[in-house]
2 protein chains.
Amino acid sequence: MEKLLFDFISKYITLTADEEKALIDLNIFRSFKKGTLLLAEGQKSNNGYFVLKGCIRIYYMIDGEEKTTAFYTEMEGFTPPGVVDKKPSKFYVSCVEDSILTISDPSMEEEIFQKFPKFETMCRVLSEELLVKQQLDFDTFKTSSPEQRYLKLLENRPDLIQRVPQYQLASFLGIKPQSLSRLRARVLEKNKR
Amino acid sequence: MEKLLFDFISKYITLTADEEKALIDLNIFRSFKKGTLLLAEGQKSNNGYFVLKGCIRIYYMIDGEEKTTAFYTEMEGFTPPGVVDKKPSKFYVSCVEDSILTISDPSMEEEIFQKFPKFETMCRVLSEELLVKQQLDFDTFKTSSPEQRYLKLLENRPDLIQRVPQYQLASFLGIKPQSLSRLRARVLEKNKR
DNA sequence: TCCCTTTCTTAACTTAAGTGAACGATTATC
DNA sequence: GATAATCGTTCACTTAAGTTAAGAAAGGGA
């Protein structure tokens, strides 16, 4: 399992055996069953998540309805606002599938940044990359219709459509489950003709 | 003008006189007239922008229509993907008003990170903060109707509605200018009753 | 100041998403 | 294996956004 993480890191920096050991000694690998709630609304948490295997999902509970806003799968990571602003979480984080994650907290980061400054460089580069990627995703979302969003998702993350329930995909696309169902029927009809 | 920047930086790190001088010596302050195009579609650019005064805007040209996806005002910054991926820009960056910006490039950053490591810490913290903020904005966008988005904008960035043309706000809210106009009339009507 | 361009509003019509409800189908539970 | 709960689809209806077009208002330049 560690290998997955080290392979990922090696795209950004080169680790010595010492550094790999320091990382392992942090003891950050965790396994979870499908459906496990990692964070609930109202909780304060300082944990950052990184998915080695499986899929986690962010959702809000609004007017009694789940609104899913994000999925994170293999080699994707997520840091909730709590780490920055110390306020109780507004959303839930749960496992869509059985998953293996690394779970980190700010004090661990502090420690490792002290010992190995290149980790901080990696984290800066990583979050700058993520920031850019997310900006582009947001732009695409704003400039597309629900149907276009669905078609793009089909292109860019076809796996998600397989592994995630429709009603979760719907709010991820910014619409209601019934609309997604109708929209899919419409798209299928068009392709038939 | 420098003071604005130093005040902003002081929220994250404390600068010595030496460090302030090093920053000034980079000679990154620039003034632009309203309407100036800072970056056009197809151009390759490595510049990062930080707004000291004024307002810049990101827009795409899709089917002959401008689609505005972001505004950056005082003490907000923006780094285009080009810095990360070296591909030609997919969007335009232009000045909504007369503006004063700092314009940086990666080699300058490299240099300053070398000399003063705490700048890198600041940049990491900053981009982690921005990432979180943007995630929340994206979540809010996905879980809101156009009308709710407009009302929230009215609350959170009332200045924008004053300083920016409606047709630019419309795509920022994910709708057409005509729909924004109608939506506003609807909201006004509700408040009257 | 006048003219031209750009921006905003209104309206009628079309299209698609929201809503509420019903019905299978699939999954989980006992 | 029967029963209940969850999930996906469909339908009829409502509401709001997209589209096309026209005209009013505002802004900028000569």
Side-chain angles (χ1 to χ4, degrees), chain A residues 33-37 57 59 61-68 71 92 94-98 141-154 160-193, chain B residues 33-37 55 57 59 61-68 71 92 94-98 141-154 160-190 192-193:
Chain A
K33 283 273 161 213
K34 173 177 178 174
T36 307
L37 204 58
R57 142 191 181 241
Y59 67 95
M61 193 59 75
I62 298 176
D63 298 333
E65 282 189 351
E66 283 183 14
K67 304 270 187 176
T68 299
F71 298 99
Y92 299 78
S94 94
C95 296
V96 174
E97 308 168 342
D98 291 354
F141 192 94
K142 276 184 177 170
T143 56
S144 304
S145 66
E147 182 170 324
Q148 292 171 322
R149 282 175 217 150
Y150 173 74
L151 293 173
K152 273 173 198 152
L153 190 66
L154 213 49
L160 260 195
I161 297 182
Q162 299 310 317
R163 60 207 288 198
V164 159
Q166 302 272 330
Y167 77 97
Q168 293 175 10
L169 279 178
S171 41
F172 183 67
L173 294 169
I175 57 178
K176 298 282 146 118
Q178 298 94 316
S179 298
L180 177 54
S181 193
R182 176 170 44 197
L183 183 159
R184 297 179 75 218
R186 202 166 61 220
V187 167
L188 254 157
E189 194 52 38
K190 280 187 197 163
N191 286 343
K192 228 186 288 177
R193 273 186 296 124
Chain B
K33 283 272 164 217
K34 173 175 176 173
T36 306
L37 204 57
C55 176
R57 135 192 187 244
Y59 67 96
M61 194 60 76
I62 299 176
D63 300 331
E65 283 189 351
E66 286 183 12
K67 304 269 187 176
T68 299
F71 298 100
Y92 298 80
S94 95
C95 295
V96 174
E97 309 168 343
D98 292 354
F141 193 93
K142 276 186 178 170
T143 58
S144 304
S145 66
E147 182 170 325
Q148 292 171 321
R149 283 175 217 149
Y150 174 75
L151 293 173
K152 273 175 198 153
L153 190 67
L154 213 51
L160 261 195
I161 295 181
Q162 300 308 316
R163 61 209 286 198
V164 159
Q166 302 273 328
Y167 78 97
Q168 294 174 10
L169 280 180
S171 41
F172 182 67
L173 293 170
I175 57 178
K176 299 281 146 122
Q178 298 92 317
S179 297
L180 177 55
S181 194
R182 175 171 44 195
L183 183 160
R184 295 178 76 220
R186 201 167 61 219
V187 169
L188 254 156
E189 193 52 39
K190 280 186 197 165
K192 227 185 288 174
R193 274 185 295 124

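Residue numbers start from 1 in every chain, and the chains themselves are labelled A, B, ... in the order their sequence lines are given, proteins ahead of strands. Predicted, not measured: the structure shown is a model, and the values here were computed from it.
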Shorter than 3.5 Å, N or O on both sides, protein versus nucleotides 9-16 of chain D: list them out with atom names.
from: D:dT9; atom 1: OP1; to: A:R184; atom 2: NH1; distance (Å): 3.2
from: D:dT9; atom 1: OP2; to: A:S181; atom 2: OG; distance (Å): 3.1
from: D:dT9; atom 1: O5'; to: A:S181; atom 2: OG; distance (Å): 3.2

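Taken from CD in A:Q178 to CZ in A:R182, the straight-line distance is 8.0 Å, to the nearest 0.5 Å.
Nearest heavy atoms, B:R149 versus B:S144: NH2-O, 3.1 Å. Of all the heavy atoms in A:L169 and A:V164, the pair that sits closest is CG-CG1, 3.9 Å. The two residues B:Y150 and B:R184 make their nearest non-hydrogen contact at OH-NE, 3.1 Å. When all heavy atoms of B:M61 and B:Y92 are compared, the closest pair comes out as CB-CE1, 3.8 Å.
One atom, CG of B:D98, and another, P of D:dG28, lie 11 Å apart when rounded to the nearest Å. The CG atom of A:L169 sits 9 Å away from the P atom of D:dG8 (whole-angstrom rounding). At whole-Å resolution of the value, CD1 in A:I161 and P in D:dG8 are 13 Å apart. In this structure, B:L188 atom CG and C:dC8 atom C1' are separated by 14 Å, rounded to whole Å. Taking atom CD on B:Q168 and atom C1' on C:dC8, their separation rounds to 13 Å, with Å as the unit. Atom CZ in B:R163 sits about 22 Å away from atom P in D:dA26, given to the nearest Å. In this structure, B:E189 atom CD and C:dA11 atom P are separated by 12 Å, rounded to whole Å.
Checking C:dT7, D:dA17, C:dG18 against the side-chain heavy atoms of A:K176 singles out C:dG18 as nearest.
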Intermediate values then yes/no, side chain to side chain contact (heavy atoms under 4.5 Å, CB included), B:V187 and B:E147:
CA-CA 8 Å; B:V187 169; B:E147 182 170 325; 4.1 Å; yes
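Between the side chain of A:D98 and the backbone N or O of A:K33 there is no donor-acceptor pair closer than 3.5 Å.
Fit an axis to the five pairs at each end of the helix from C:dT1-D:dA30 to C:dC30-D:dG1 and the two axes sit 50° apart, to the nearest 10 degrees.
Two residues are said to be in side-chain contact when any heavy atoms from C-beta on lie closer than 4.5 Å; B:Q168 and B:F71 meet this criterion.
Comparing B:E65 and B:K34 by the nucleotide of DNA chain D whose heavy atom lies nearest to each, the residue mapping closer to the 5' end is B:E65.
Defined by atom type and a distance below 3.5 Å, a donor-acceptor pair is present between the side-chain atoms of A:T68 and A:R57.
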